[in-house]
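Both counts, for ligands and for their atoms, begin at 1 and track the order of listing. Note that the structure is a prediction, hence the values are computed from the model and not measured. What you see below is based on every heavy atom in this structure, not just the backbone, and it leaves out hydrogens, waters and symmetry mates.
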Amino acid sequence: MADFSPVDSLFNKIYTSRWSPLYQSGALALFFFVVVLVTGIYLLLFYNVADPYNSVQNICSQAYLGRWIRTLHRYSTDAALVAIAFHILKMFTSSRSWGPRARAWASGWVLMAGVVFCSWTGFLLIADRQAQWLALEGARILDALPIFTAPLPMLFSEGELPGSFFFSILFLHVAVPLGLIGLYLLHVSRVARPTHKAPYAIRLHSFLALLVVSVAWPVAMKPAADFSRLMGETTVDLFFTGLLPIVAKMPAWSVWVFGSGLLLFLALGIPMLTKPKEKLVPSWVDWESCTGCTTCYMDCPYEAIAMVTRVGKTAGDARRSELVAKVNPDLCVSCGICAGSCAPMGVGPAKRTGRDQLTAVREWFESHSPVGDMVLIACEASFPGFDLGTVYPVSCGGSVHTSVIEYLIRRGVSGVYLLTCPARDCRNREGPKWAHERIYNDREAELQARVDRNRVRTGAFAGTEMAQAILDIQDFAQKLEALAKDNVEAAPVIEPICPEKVLSD
Ligand code: HEM
Ligand code: SF4
Ligand code: SF4
């Protein structure tokens, strides 16, 4: 998959692609969000809308928990933003911003805007100098909307803010994150089996890292807000309020125009701009072949396949199934995963069904004559121009029908190595997982038992892990050579049935 090296490369070196947090960025953002919610509940117990600044200060001066939990609350919000930034980069660089994924893309930006808004309300609740600046700027910008009867900055003319102000902000600070949960469900609504949870080890290490940083560098209190004095210099938060000095210099209307324009461009403009010119070729089902087994329906990563009642089946027709698969072309991203899942080869994008794959591999075999060679089946998008032995390029490892592997081995290649992206970094989401299940765990369309498993290997590597991939492929090649040698040594010595002299007679 498209790596945004060198960051990918660095993370793969440190963690290996299997454990790289970059490949779990969406699930990690969610994990940090949960940490924010849990720590927020603790803070809520001690926060006082009538005396906000002092109540936060009291939390910080608690001997054990308060200061660190407040810091953890802040840092996990920062970590969520970093995870979201990587998540966006991953989605963008793997071209998942348009077509059937546009809903996730657009709702993602609204989610992100929600996260930023929640953080602003959080900063206001502290009632310090930064909150003062944020409140003044917020009032100035909101005032540009023709919905308030009195000028909002009047709110601050009394010198200090009323408890009702903090009550409203606290309400928003609690209610909006809860609303974001609903938005998140919409965000992943077109993704089958979304990965809500990053692996335990990644969650544990991320949490421990946050905890250590929180204990080592607890967030300090800034001076209290004082609306009776002019706003002087104050520091801003690197992650969420860093743009305040720039925004403060902009006319209020331009903040609205620029802000909403940017959000519209990112959420709706990018899907239009990134959409490829050529039309996606959606999958289709040959109802004559379909046995209604439901595997394609289960394996499709975007829930684009439904099982429907077969039309025209007569009562006595026991040969044909009650149900057949039906593709919704509006949801299909043409990944071809279903082609690899169908034992009778009845589904897949045009020219990429199991049957088409068999025809293609037959032609390829005739033109390349790879008898005795090891054949490397590799995703062409992830490993372009890979030149190690005889390469058979495919669009996704998860779309390969196992009969292609069987065909190659039966025609006399020494072995087949299926090179895929790391399981969590497949642009078709679950390709490597299904390929592995079909080859080793009898998932339909399974590699038949008659195929010698010693001659097949799968490897999942990131584009930045080529050195490891090459080592593993070379190791497999050596095993194949040893296998060939063993076969020669173990080949039965053909004894003549009759003694030699009789033969010569
Ligand atoms: C709070 C913020 C966010 C969270 C917690 C989140 C989480 C997730 C999760 C868990 C998935 C499912 C991934 C999978 O199982 O393959 C996902 C999918 C997706 N997210 Fe986000 N996301 C967030 C924000 C965003 C943003 C800001 C964008 C882009 C602007 C975005 C774009 C996408 C896309 C396009 C998918 C679909 C992936 C696919 O088609 O394979 N997300 N998100
Ligand atoms: S995998 Fe093939 S046989 Fe099974 S439901 Fe899908 S199209 Fe029908
Ligand atoms: S090609 Fe098949 S598996 Fe992929 S989205 Fe379309 S119907 Fe689903």
Checking a contact table here: which protein heavy atom is nearest [atom], and how many Å away?
atom	answer
atom 15 (O) of ligand 1	Thr195 N, 2.8 Å
atom 30 (C) of ligand 1	Trp109 NE1, 2.9 Å
atom 35 (C) of ligand 1	Arg96 O, 3.1 Å
atom 16 (O) of ligand 1	Arg429 NE, 2.8 Å
atom 5 (S) of ligand 3	Val333 N, 3.4 Å
atom 29 (C) of ligand 1	Trp105 CE3, 3.6 Å

May I ask you to check whether Arg193 has an N/O atom sitting below 3.5 Å from an N/O atom of ligand 1?
-> no
Backbone or side-chain N or O of Tyr302 under 3.5 Å from ligand 1 N or O | yes
Contact region, Tyr184 to ligand 1, non-hydrogen atoms below 4.0 Å, reads side chain
For residues [X] and [Y], is any side-chain donor paired with an opposing acceptor at under 3.5 Å?
X	Y	answer
Thr464	Asp8	no
Asp356	Thr353	yes
Thr274	Ser97	yes

Over-ring placement of Arg443 relative to Trp434, 6.0 Å and 45° cut-offs = yes
Mind checking how many protein N/O/S atoms fall short of 2.8 Å from atom 6 (Fe) of ligand 2?
-> 1
Kindly state whether the ring of Phe240 and the ring of Trp120 have centres lying under 6.0 angstrom apart.
-> no
May I ask you to check whether Tyr184 and His196 place their ring centers less than 6.0 Å from one another?
-> yes
Run through the protein N/O/S atoms less than 2.8 Å from atom 21 (Fe) of ligand 1 and write them out by chain and number.
-> His87 NE2, His187 NE2
Any Val36 side-chain heavy atom under 4.5 Å of His73 side chain = yes
Answer with side chain, backbone, both or neither: which part of Ser283 has a heavy atom less than 4.0 angstrom from an atom of ligand 3?
-> side chain
Residues in salt bridge (charged side-chain N to carboxylate O under 4.0 Å, His left out) contact with Asp330, at least two apart in sequence or another chain | none
Take atom CZ in Phe365; do more than 12 heavy atoms of anything else shown fall under 6.0 Å from it?
-> yes
Side chain Arg453, main chain Val451, donor-acceptor under 3.5 Å | yes
Just by modelled atom types, is the Ala339 backbone N or O under 3.5 Å from a matching donor or acceptor in the Ser399 side chain?
-> no
Contacts table for residues 40-47: side-chain donor-acceptor under 3.5 angstrom, sequence neighbours left out:
residue : atom : partner : partner atom : Å
Tyr42   : OH   : Gln62   : OE1          : 2.6
Tyr47   : OH   : Leu125  : O            : 2.6

Decide salt bridge (Lys or Arg N to Asp or Glu O under 4.0 Å) for Asp299 and Arg429; before the verdict, give the C-alpha distance in whole Å, the side-chain angles of both, and the deciding distance to 0.1 Å.
-> CA-CA 11 Å; Asp299 287 7; Arg429 299 192 55 244; over 6 Å; no
Contact between Pro301 and ligand 3, counting heavy atoms under 4.0 Å?
-> yes
Note: heavy atom closest to atom 1 (S) of ligand 3, options Pro282, Gly398, Gly336, belongs to Gly336
Options Gln24, Arg103, Arg424, Met112, ranked by nearest heavy atom to atom 13 (C) of ligand 1, top entry | Arg424
At a non-hydrogen distance cut-off of under 4.0 Å, which region of Ser289 contacts ligand 2 (side chain, backbone, both, or neither)?
-> neither
